[in-house]
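Since the structure comes first, as structure tokens, the remarks are kept for the end.
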Amino acid sequence: MSNIFRSNIFKWSLLLFIVLLGACLVYFIYLYFDIQANKTEGFDEAKQIALQNTTLVDVDQIVRFHGDEPYYVLFGKSAEDEELLVFVPFNYEPDDPLIVVNQLEIMSEHTIINSWEQECHQCKFIKITPGILNDEPLWELTYIDSSDRYVLDYVSMYDGSPYEQLRFKTMFQR
């Protein structure tokens, strides 16, 4: 009788383990897709706003910028085949003017990165993102400097001049 009891406990424990494992798997799959959907939330609305209110006719890429005010940044082309950047605020109101930047008038990402590499030899580059602070179009360079600080460096899109820099010190040793 004790062998039957032990085998029943083993079967029920195994069944419970499989059910819990399946439930966790379903939950993590749901969570993954929910997070992915959240990352692109608002992109379609921003695209429609830009297409309706600017000369933009085609959108290649959309990114987010979270500065003082969050913006959607749309990379695209006009009917005249001009490459444009359009900044659409998250809380867009129909009366708000959109900031449109012709990419021929600004320094490219690669030029900014090359210039930064000349100045910061021992830094670890993370990313570059177009941004806007106080209605000024900027490039946001994110990197780790030689003192192991996380740095957000804002430079003008037009001439690469420094605008603002934020450095974050590590509080805990890795």
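Every heavy atom of this structure was used, including side-chain atoms; hydrogens, water molecules and symmetry mates were not.
To the nearest 0.5 angstrom, L84 atom CG is 5.5 Å from N102 atom CG. Between atom NE2 of residue H110 and atom CD1 of residue I128 there is a gap of 9.0 Å, rounded to the nearest 0.5 Å. To the nearest 0.5 angstrom, I126 atom CD1 is 10.5 Å from Y143 atom OH. Taken from CG in L74 to CD1 in I62, the straight-line distance is 4.5 Å, to the nearest 0.5 Å. For the atom pair D34 CG and F28 CZ, the distance stands at 13.5 Å (nearest 0.5 Å). Between the CD1 atom in I113 and the NZ atom in K127 there is a gap of 12.5 Å [rounded to 0.5 Å].
Under the side-chain hydrogen bond (donor to acceptor under 3.5 Å, both in side chains) criterion, T142 pairs with no residue, sequence neighbours left out. Remark: S156 pairs with D159 by the side-chain hydrogen bond (donor to acceptor under 3.5 Å, both in side chains) rule, at least two apart or across chains. Scored by the salt bridge (charged side-chain N to carboxylate O under 4.0 Å, His left out) test, D145 finds R149, R167 as partners (sequence neighbours excluded). By the side-chain hydrogen bond (donor to acceptor under 3.5 Å, both in side chains) test, Q103 is found to be paired with no residue, residues two or more places apart in sequence or in another chain being considered.
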Between W139 and T129, is the side chain to side chain contact (heavy atoms under 4.5 Å, CB included) condition met? List the steps.
CA-CA 6 Å; W139 287 115; T129 307; over 6 Å; no
Applying side chain to side chain contact (heavy atoms under 4.5 Å, CB included) to F125 and E117, what does each step give before you reach the verdict?
CA-CA 9 Å; F125 179 77; E117 286 175 337; 5.8 Å; no
Let's go through F90 and H66 carefully: what are the C-alpha distance in whole Å and the side-chain angles of both, what is the deciding distance for side chain to side chain contact (heavy atoms under 4.5 Å, CB included) to 0.1 Å, and is it a yes or a no?
CA-CA 10 Å; F90 275 32; H66 297 279; 3.8 Å; yes
Step-by-step side chain to side chain contact (heavy atoms under 4.5 Å, CB included) determination, M107 to V155:
CA-CA 10 Å; M107 297 179 74; V155 298; over 6 Å; no
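Atom CZ of F17 sits in a sparse spot, with 12 or fewer heavy atoms from other residues, nucleotides or ligands closer than 6.0 Å.
Residue pairs meeting the disulfide bond (SG atoms under 2.5 Å apart) criterion with at least one partner in residues 119-158, sequence neighbours excluded, are C120-C123. The side-chain hydrogen bond (donor to acceptor under 3.5 Å, both in side chains) contacts involving residues 41-63 comprise N53-Y92, where partners must be two or more places apart or lie in separate chains.
When all heavy atoms of M157 and F87 are compared, the pair lying nearest together is CE-CZ, 4.0 Å. Between P130 and L85 the shortest heavy-atom distance is CB-CD1, 4.4 Å. Taking all atoms of both residues into account, the shortest heavy-atom contact from P137 to I99 is CG-CG2, 4.4 Å. Considering every non-hydrogen atom in both A50 and L98, the closest pair reads CA-CD1, 4.2 Å.
Both L138 and V151 are members of a single hydrophobic cluster when ILVMFWY side chains are connected at heavy-atom separations under 4.5 Å. When hydrophobic clusters are built by joining Ile, Leu, Val, Met, Phe, Trp and Tyr residues whose side-chain heavy atoms come closer than 4.5 Å, directly or via intermediates, V57 is not grouped with V100. Grouping the Ile, Leu, Val, Met, Phe, Trp and Tyr side chains by contacts below 4.5 angstrom, directly or via other members, places Y72 apart from L133. Hydrophobic cluster membership differs between W12 and L20, with clusters built from Ile, Leu, Val, Met, Phe, Trp and Tyr side chains linked at under 4.5 angstrom. A single hydrophobic cluster is not seen to contain both Y71 and I49; linkage of ILVMFWY side chains at heavy-atom distances under 4.5 Å, directly or through other members, places them apart.
The backbone N or O of D153 lies less than 3.5 Å from no partner atom in the side chain of W116, so there is not a single donor-acceptor pair.
Using a 30° and 60° split on the angle between ring planes, Y154 and F65 fall in the perpendicular class, above 60°.
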